[in-house]
Student: 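First the structure, which I've put down as structure tokens, then a few questions once you've had a look.
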Amino acid sequence: MNGNTTTLSLNGKEFKLIGTAHVSRESIEEVRKIINEEKPDMVCVELDQGRYNSITQNDNWEKLNLSKVFKERKGFLLIVNLILASFQRRLGNELGVKPGEEMKTAIETAKEMGIPHSLCDREVHTTLRRAWSSCGFWSKSKLLASLIASAFTTEKLNEQEIENLKNRSELDGMMNELANYLPGVKEVLIDERDRYLASKIWTSALEVSANNEKPVKVAAVVGAGHKPGMIAHLEKLASGEETPDVSELDKIPPPSLFSKSIKFIIPIIIISLIAAGFITSGKDLGLEMIRDYILWNGSLAAIGAIIALAHPLAILVSFLGAPLTTLTPFIGVGILSGLVQVAVSKPRVSDVQDITQDTTSLKGWYRNRITRALLVFFLSSLGSSIATFILMGKFGSNFFATVSVWFNSLFIMISL
């Protein structure tokens, strides 16, 4: 073991795992030095094709079709992706280092030396969707709160604190904290990817060794937090305890029966409670419940859009659309309000050019028309969801109060 690099010799193959902090100057220099000195037969990096494109292609955001994102119901995934990227970018800005620069350096150095390279990480959208699927309702709420807090935190880390993230003791504490707070998310973000990275690196080594008679040397550039888990998996792969097939980790778990049903259950509950109001208490209460449903749902969705500084037309669509979309399992009010926001406030060239920097501050999220449309989508959806739960509680209490009065009256009549 040398510094942040661990060397493993397994089945005639030598693996050099270079543990990095993703916004570290020292990591960049260490990666370049090790590849130059060791001259490996293959360089593997902790990147997928999408993230590789984002750090190497300046025009990557120009290909974004925001209307298509909303229509395909990928708005929330894009928000999460931007938040995670903005947190690393903000740290990088403070230290003068671009996130993922050590991965880019590894690939560029390999190309200069004529060494093949491999992108060995799982596609980020797959990871995010598996992480979301692993959460229950409360875990999803905690995850959302954590993401929002990380997006707008003012906490700053100095360069030494960043370097400390490569130390085992620092990482153990962080991993234990994540495991206790969100065990399902930790399993997907860390444990699954430890296995995925190890398997892809092992497969790359097999492919290289098939064309070489001499022992194969592979350099793998990965986040320091993945090293302990990867070492364990590489040893299992060498012993035959595991196979390099990780196809099941590329699959999105199907939604649970409850998740599929809830889209239909909520409209049925609301309609049933309003119908019960007409039946048990007459037309006046039933009409009052319909009025409350429209006003609460529409108003909170519109307030969400207002907080996002939406265009007046998007605010109006939020108000009018929320009562309808809540009863429709196939579309949400955020999709409508987001599409209208994009249509009436079209993203400019500067929004595309500045999005990576704008997402590092709350002011930037509002200034940029792309991220503001995402805020309109998210906050109008959140407002409608809050209203729905408030109304279900309110209507439910009215129903049970009426039923209670009926039973009390019946008991009195029987007693007489």
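Position 1 is the first residue of the sequence, and the numbers go up from there.
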Student: At their closest point, which heavy atom of Leu189 faces which heavy atom of His226, and how far apart are they?
Tutor: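 Shortest heavy-atom separation between Leu189 and His226 comes out as O-CE1, 3.7 Å.
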
Student: Rounded to the nearest 0.5 Å, what separates atom CD1 in Ile269 from atom CZ in Phe395?
Tutor: 12.5 Å

Student: Test Arg195 against Glu248 for salt bridge (Lys or Arg N to Asp or Glu O under 4.0 Å), laying out the working first.
Tutor: CA-CA 12 Å; Arg195 182 185 165 202; Glu248 77 276 9; 2.8 Å; yes

Student: Does any non-hydrogen side-chain atom of Phe278 lie less than 4.5 Å from one of Lys283?
Tutor: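 Side chain of Lys283 against side chain of Phe278, heavy atoms only: contact under 4.5 Å found.
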
Student: With sequence neighbours left out, which residue pairs that include part of residues 115-134 fulfil the salt bridge (Lys or Arg N to Asp or Glu O under 4.0 Å) condition?
Tutor: Arg51-Asp121, Asp121-Arg193, Arg122-Glu192, Arg130-Glu192

Student: Donor-acceptor pairs under 3.5 angstrom involving side-chain atoms of residues 306-324: please list them, not counting sequence neighbours.
Tutor:
residue	atom	partner	partner atom	Å
His311	ND1	Leu313	N	3.0
Ser318	OG	Ala314	O	2.9

Student: Once salt bridge (Lys or Arg N to Asp or Glu O under 4.0 Å) is applied, what residue pairs with a partner in residues 320-337 remain, sequence neighbours excluded?
Tutor: none

Student: Got a sec, which residues hit side chain to side chain donor-acceptor pair (under 3.5 Å) with Asn11, two or more places apart in sequence or on another chain?
Tutor: none

Student: Residues in side chain to side chain donor-acceptor pair (under 3.5 Å) with Lys13, at least two apart?
Tutor: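 By the side chain to side chain donor-acceptor pair (under 3.5 Å) rule, Lys13 matches no residue at all.
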
Student: Evaluate the side-chain proximity of Val218 to Trp202: yes if any heavy-atom separation is below 4.5 Å, no if none is.
Tutor: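 Heavy-atom side-chain distance check fails, nothing below 4.5 Å.
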
Student: Among all residues two or more places apart in sequence or in another chain, which pass the side chain to side chain donor-acceptor pair (under 3.5 Å) test with Ser204?
Tutor: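 Side chain to side chain donor-acceptor pair (under 3.5 Å) check on Ser204 returns Ser118.
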
Student: With heavy-atom distances below 4.5 Å as the criterion, would you say the side chains of Lys111 and Ile107 are in contact?
Tutor: yes

